[in-house]
Amino acid sequence: MTAVTHDLVVIGGGPGGYVAAIRAAQLGLNVACVEKEAPLGGTCLRVGCIPSKALLESSERYAEAKHALAVHGVKVGGVELDLPVMLARKDEVVKTLTKGIDGLFRKNKVTRYTGHGQIAGPGKVQVGDTEISAKHILIATGSKSAMLPGVELDGDRIGTSTEALAYPAVPKHLVVIGAGYIGLELGSVWRRLGAQVTVLEFLPRILPGMDAELAEEALKIFKKQGLEFRLGCKVKSARVVNGDCVVECDGSGPVTCDRVLLAVGRVPNTERLGLETVGIQLDAKGRIPVGDHFETSAKGIYAIGDVIRGPMLAHKAEEEGVACVEHIVTGYGHVDYNGIPGVCYTEPEIAAVGKTEEDLKSAGVDYRKGSFPFLANGRARSLGQTEGRVKILADAKTDRVLGVHIIGPRAGDLIAEAAAAMAFGASSEDIARCCHAHPTLAETLKEAALAVDKRALHI
Ligand code: NAI
């Protein structure tokens, strides 16, 4: 048994954990980070956000070369898919980024321990035969795919997003269970590469939690792209029968296909964490309860990211990690949960920050709405990407921006302006009076802000 001492030990090397470790080291703490996988970066870098974005980008280039260049006067013949190269490129992107975190740890003198970290009583974390003593322990162990009773995962034909990032060949027919972020992003990838894709969704709509009007518009666009949807379809079972995958739903006939992607949400990773040794009890959803400054019921033990309440997003975990360690060291640290953007990286992208119209209606808030279509934006026209709109919701009395919702080209980048404006308490008039370069996609935000006061200039 080796005994070591640090000021802070972070369990989990994903975006929440590794960022917290770096920030704590910047603030002068002697920091350890425990991660069981060899590469740092967690689900996001290894089998989540980054590899999916690499495949989304590559598949979009393929689809564009095949179907969308002729209109630009670019003739291409013999466009072929080289799937092994596409997958290898994705792996290379992941490798470079995960190695980058090793470099950041070295630069900031964060000590890395490889293995499963387990709390072994107050101020103690066990990793293999090393016992780490630390005044502060931060749990950042993330989440894993939620299971569905009756869906028999075999790690191959019936799998989760991890398998769907590495299918060795394009499926003939892929059934996706769940029309959330993962289902729509990875469903889009394999549709572009030539698969028939059927999305089975329990609710009568897609993208739960997103603004309903935009989700409706997205559904129409995805259908035009050839994705098939069965809404209001509760999946009961999925299994391999005589070499085919058979998916059964309540109220509609079974679907036969050659691969199934289960994407019905994620659940916190809390197994074998030793929580019982410090008396931490999970809430009804299996999450670790924390107070305002991320401290659990056990003194000196904190938790952030997907293991606690709130959206399961990498950037939310990062913000929490920074706020948590800043509070430990300086006594100050804060996350503005209303300012956390959400982005679905389909084509077009869908992005949002703040309240939806549904939120405002149910809270009885009086609001004004300004909307502007990409169709009327010069840059979008030049790009040939005119689908979608920007919608700004502002308080009817004060004009303060309460929510911004975008479906359209580069929505994920455009939402940053809205998030920054909201962080500074901007009114729609403030956004409308900021000079936006012409011709840019960002002009749609200015125009939507003008539209709140019914004075959009280009529509
Ligand atoms: P999700 O919660 O976004 O969507 C799951 C969908 O499955 C829901 O629409 C739900 O109604 C449906 N569903 C549940 N049970 C069902 C059943 N029996 N039959 C049919 N449909 C059913 O979850 P998803 O897409 O798995 O993503 C997991 C997490 O990862 C989310 O919290 C998401 O925020 C995060 N994520 C974020 C991404 C991004 O920021 N771009 C990308 C991928 C994931």
Side-chain angles (χ1 to χ4, degrees), residues 14-16 42-57 142-153 158-165 175-189 198-210 212 215 218-219 222 228-238 247-252 254-255 260-269 285-287 305-319 340-353 406-407 411-413 415 419:
T43 300
C44 168
L45 263 85
R46 289 185 302 106
V47 284
C49 324
I50 297 300
S52 61
K53 261 80 269 175
L55 287 185
L56 278 157
E57 190 62 40
S143 61
K144 60 184 179 197
S145 299
M147 296 295 117
L148 202 57
V151 173
E152 296 173 12
L153 295 193
I158 304 184
T160 64
S161 49
T162 304
E163 287 78 29
L165 288 167
V175 164
V176 175
I177 309 176
Y181 288 74
I182 294 182
L184 293 173
E185 289 184 2
L186 288 173
S188 293
V189 165
T198 307
V199 183
L200 309 178
E201 167 59 49
F202 171 59
L203 296 172
R205 57 165 289 178
I206 64 169
L207 289 169
M210 281 261 186
L219 179 63
F222 295 148
E228 297 159 10
F229 288 87
R230 279 202 204 174
L231 302 180
C233 165
K234 185 174 180 198
V235 171
K236 279 195 314 194
S237 69
V247 186
E248 288 188 310
C249 318
D250 266 346
S252 63
V255 192
V260 176
L261 161 58
L262 179 67
V264 293
R266 297 182 63 84
V267 290
N269 278 329
K285 292 188 172 163
R287 303 172 299 196
D306 287 7
V307 282
I308 68 167
R309 78 284 181 278
M312 289 179 160
L313 297 170
H315 44 281
K316 174 257 193 188
E318 288 183 34
E319 293 300 312
I340 296 173
V343 182
C344 185
Y345 295 86
T346 44
E347 204 313 272
E349 293 178 350
I350 308 159
V353 62
I406 308 176
I407 175 169
D413 295 312
I415 204 71

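Owing to the predicted nature of the structure, the values given are computational and were not obtained by experimental measurement. Counting starts at 1 for both ligands and their atoms, following the listed order.
- In terms of protein heavy-atom proximity, atom 10 (C) of ligand 1 is nearest to E201 OE2, 3.4 Å.
- When non-hydrogen atoms are compared, ligand 1 lies under 4.0 Å from neither the backbone nor the side chain of L184.
- At the top of the distance list for atom 44 (C) of ligand 1, counting protein heavy atoms only, stands I182 CG1, 3.2 Å.
- With E248 contributing its side chain and S237 its backbone, the two residues share no donor-acceptor pair below 3.5 Å.
- Of all non-hydrogen atoms in S143 and T43, the two that sit nearest each other are O-OG1, 3.9 Å.
- Side-chain contact annotation: T346 with E349, donor-acceptor N/O pair under 3.5 Å absent.
- For atom 13 (N) of ligand 1, the closest heavy atom belonging to the protein is V264 CG1, 3.6 Å.
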Would you please test I158 and L262 for side-chain contact (heavy atoms from CB on, under 4.5 Å) and show each step? CA-CA 7 Å; I158 304 184; L262 179 67; 5.9 Å; no
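- Of all non-hydrogen atoms in A179 and L184, the two that sit nearest each other are O-CD1, 3.7 Å.
- The shell of residues lying under 4.0 angstrom from ligand 1, judged by heavy atoms, includes P208.
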Verify side-chain contact (heavy atoms from CB on, under 4.5 Å) between L219 and L231, making sure each step is shown before the conclusion. CA-CA 11 Å; L219 179 63; L231 302 180; 3.8 Å; yes
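- Annotation: side chain of H315 is in contact with side chain of P341 (closest heavy-atom distance under 4.5 Å).
- Residue, atom and distance of the protein heavy atom nearest to atom 2 (O) of ligand 1 are G265 CA, 4.0 Å.
- With hydrogens left out, the protein atom closest to atom 7 (O) of ligand 1 is G178 CA, 3.3 Å, a heavy atom.
- Here the heavy atom of the protein found nearest to atom 5 (C) of ligand 1 is A263 O, 3.4 Å.
- Using a 4.0 angstrom heavy-atom cutoff, C233 counts as in contact with ligand 1.
- For ligand 1, the atoms sitting less than 4.0 Å from at least one non-hydrogen atom of L200 are 20 (C), 21 (N), numbered in the order shown with element in parentheses.
- Taking every heavy atom of V343 and a limit of under 4.0 angstrom, the matching atoms of ligand 1 come to 39 (C), 40 (O), 41 (N).
- In terms of heavy-atom proximity, E185 sits nearest to K53 at OE1-NZ, 2.8 Å.
- Below 4.0 Å from some heavy atom of R266 lie the following atoms of ligand 1, by number and element: 28 (C), 29 (C), 30 (O).
- Of the protein's heavy atoms, G180 CA, 3.3 Å lies nearest to atom 4 (O) of ligand 1.
- Distance from atom 31 (C) of ligand 1 to its nearest protein heavy atom, with residue and atom name: M312 O, 4.4 Å.
- Of the possible donor and acceptor atoms, one in the side chain of E163 sits under 3.5 Å from a partner among the backbone N and O of T160.
- When the heavy atoms of F202, Y345, Y181 are ranked by distance to atom 38 (C) of ligand 1, first place goes to Y181.
- K316 places a side-chain N or O within donor-acceptor distance of the main-chain N or O of G305, the cut-off being under 3.5 Å.
- Every atom of ligand 1 is numbered from 1 in the order shown, and the set under 4.0 Å from a heavy atom of L203 is 11 (O).
- Of all the heavy atoms of L313, the ones lying under 4.0 Å from any atom of ligand 1 belong exclusively to the side chain.
- Within a 6.0 Å radius of CZ in F229, other residues, nucleotides and ligands contribute more than 12 heavy atoms.
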